[in-house]
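The structure presented is a predicted model; accordingly, all values stated were derived computationally and were not measured.
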Amino acid sequence: MTDFYGVELGSRLMLGTAQYPSPAVLAEAFRRSGAGVATVSVRREAGGGRAGQDFRDLIARLGVRLLPNTAGCHSVREAVTTAQMARELFETDWIKLEVIGHADTLQPDPFGLVEAARILTGEGFEVFPYTTEDLVLAERLLDAGCEVLMPWGAPIGTGLGLSNIYGLRSLRAHLPDVPMVVDAGLGLPSHAAAAMEMGFDAVLLNTAVAKAGDPAAMAEGFARAVEAGRLGHDADPMEPRDMAAPSTPVLGKAFLE
């Protein structure tokens, strides 16, 4: 199992905690998925009221590793401040770094992302940057001190799956030793299986589970897909070919005239 900043997780599935119809449904989805990480938006959950405390109590009962994120941040200053709040609130150096550059596509701002990552790693944060599949940007983030990358599959909340397979394959091939989590845009368990078959180390998703008709069942489906995809990758699959090849040998076959 790949480790993330020295932490070995029991599952390659990471789940978000937003948009579930109820706390009970959220808890059941995590139970059936066996997810190893829960992400939480600091901007939404950091209030000091009873509701905020109830949510933190619920997350604590899940028994999973917490990954706060800077969701909704559109500037370096906003993202850094939110990360600092997260560390104080949740007592963890882990942070999923989002610096959004485009309001419609929710595409990361590459320049702001690198700048924020450099500041946060300098402050001792262990940064999980939400990025695109761009190889140059990935290398800049590694130079900034990140040890994990989180390339998107597709824009957040779209459910489109892996929209740039070539780019993701290239990124994985060029940086084979960097832990990578495909984050955002996955809509079906088959999308997660495909990412794992390509050699990615984990997947992170939220909307596909939270907005499903049966979130707990969908969470379990993703868990099984992640496991199947990783087994397929580790089994050294056959190379695809253009021509058909018989699976049953013709040697010894009876020929009738």
Which residue pairs pass the side chain to side chain donor-acceptor pair (under 3.5 Å) test when at least one of the two sits in residues 148-168, sequence neighbours left out? Glu133-Trp152, Glu133-Asn164

On a heavy-atom basis, which atom in Ala219 and which in Ala29 lie closest, and how many Å separate them? CB-O, 3.4 Å

Using side chain to side chain donor-acceptor pair (under 3.5 Å) as the criterion, list what pairs up with Arg230, not counting sequence neighbours. Asp234

Do side-chain atoms of Thr70 reach the backbone of Glu98 as a donor and acceptor pair under 3.5 angstrom? yes

Taking Leu205 as the starting point, is it possible to reach Ile100 by hopping between hydrophobic residues whose side chains are less than 4.5 Å apart? no

Pairs under 3.5 angstrom only: tabulate donor-acceptor contacts from the side chains of residues 178-198 to other protein residues two or more places apart or in another chain.
from: Asp183; atom 1: OD2; to: Lys96; atom 2: NZ; distance (Å): 2.9
from: His191; atom 1: ND1; to: Gly187; atom 2: N; distance (Å): 3.0
from: His191; atom 1: ND1; to: Leu188; atom 2: N; distance (Å): 3.1

Within a strict 4.5 Å, meaning less than it, do heavy atoms of the Val203 and Arg12 side chains meet? no

Heavy-atom closest pair (Gly157 atom, Thr207 atom, distance to 0.1 Å) is CA-OG1, 4.0 Å

Minimal heavy-atom distance between Thr17 and Ala38, with the atoms involved, is CG2-CB, 4.0 Å

Could you walk me through whether Leu137 and Val114 pass side chain to side chain contact (heavy atoms under 4.5 Å, CB included), step by step? CA-CA 8 Å; Leu137 175 54; Val114 172; 3.6 Å; yes

Hey, could you give me the CG/CG distance between Asn69 and Leu97, rounded to the nearest 0.5 Å? 9.5 Å

My understanding is that a hydrophobic cluster links ILVMFWY residues whose side chain heavy atoms are under 4.5 Å apart, including indirect links. Using that, what else belongs to the cluster containing Leu231? none

Residues forming a salt bridge (charged side-chain N to carboxylate O under 4.0 Å, His left out) with Arg169, sequence neighbours excluded: none

Stepwise, does the side chain to side chain contact (heavy atoms under 4.5 Å, CB included) test hold for His102 with Asp109? CA-CA 7 Å; His102 193 276; Asp109 172 357; over 6 Å; no

Residue Phe111 excluded, over 12 heavy atoms near CZ under 6.0 Å: no

Do Met218 and Leu160 share a hydrophobic cluster (ILVMFWY, side-chain heavy atoms under 4.5 Å, transitive)? no

How many angstroms lie between CZ in Arg87 and OG1 in Thr92, if you round to the nearest 0.5 Å? 9.5 Å

Could you tell me which non-hydrogen atom of Pro215 sits nearest to which non-hydrogen atom of Ala210, and how far apart they are? CG-O, 3.9 Å

Any non-hydrogen side-chain atom of Val37 less than 4.5 Å from a side-chain atom of Leu204? no

Interatomic distance, Leu141 atom CG to Glu147 atom CD [nearest 0.5 angstrom]: 13.0 Å

Show the nearest heavy-atom pair for residues Leu149 and Ala138, with the distance to one decimal. CD1-CB, 3.6 Å

Return the set of residues passing side chain to side chain contact (heavy atoms under 4.5 Å, CB included) with Arg77 (not counting sequence neighbours), or none when no residue passes. Ser75, Thr81

Connected-component partners of Val136 among ILVMFWY, side-chain separation under 4.5 Å: none

Taking Tyr130 for the side chain and Pro108 for the main chain, is one N or O donor matched with an acceptor at less than 3.5 Å? no

Considering only residues two or more places apart or on different chains, which pairs with a residue in residues 116-127 satisfy side chain to side chain donor-acceptor pair (under 3.5 Å)? Gln84-Glu123, Trp94-Glu126

Look at the side chain of Glu78 and the backbone N and O of His74, then say whether any donor-acceptor pair between them is shorter than 3.5 Å. yes

Worked verdict on Arg140 versus Asp134 for salt bridge (charged side-chain N to carboxylate O under 4.0 Å, His left out): CA-CA 10 Å; Arg140 295 293 186 274; Asp134 185 278; over 6 Å; no

To check you understand the geometry: which heavy-atom pair defines the closest contact between Thr39 and Gly16, and what is its length? OG1-CA, 3.1 Å

For Glu227, I'd like to know if atom CD has over 12 heavy atoms of other residues, nucleotides or ligands within 6.0 Å. no

Determine, using the 4.5 Å side-chain heavy-atom cutoff (strictly less than), whether Leu106 and Phe128 are members of one ILVMFWY cluster. no

The test is side chain to side chain contact (heavy atoms under 4.5 Å, CB included); show your working for Ile95 and Phe90 and say whether it passes. CA-CA 10 Å; Ile95 190 74; Phe90 295 109; over 6 Å; no

Can you run down the side chain to side chain donor-acceptor pair (under 3.5 Å) pairs that involve residues 211-223, sequence neighbours left out, and say none if there aren't any? Arg32-Glu220, Glu220-Arg224

Taking side chain to side chain contact (heavy atoms under 4.5 Å, CB included) as the definition, give me every residue that meets it alongside Ala27, ordered by chain and number, with sequence neighbours left out. Leu58, Leu62

Close side-chain approach of Asp201 and Phe4, heavy atoms under 4.5 Å: yes

Taking only residues two or more places apart in sequence, or in another chain, which ones meet Pro176 in a side chain to side chain contact (heavy atoms under 4.5 Å, CB included)? none

If you measure from OG on Ser170 to CG on Leu175, what distance do you get to the nearest 0.5 Å? 10.5 Å

What ring-ring contact (aromatic ring centres under 6.0 Å, His included) pairs are there with at least one residue in residues 204-238, not counting sequence neighbours? none

Does the Tyr5 side chain pair with the main chain of Val127, one donor and one acceptor, at a distance under 3.5 Å? yes

Spell out, yes or no, whether Ile156 and Val40 are grouped together once hydrophobic residues are joined by side-chain heavy atoms under 4.5 Å, including indirect joins. no

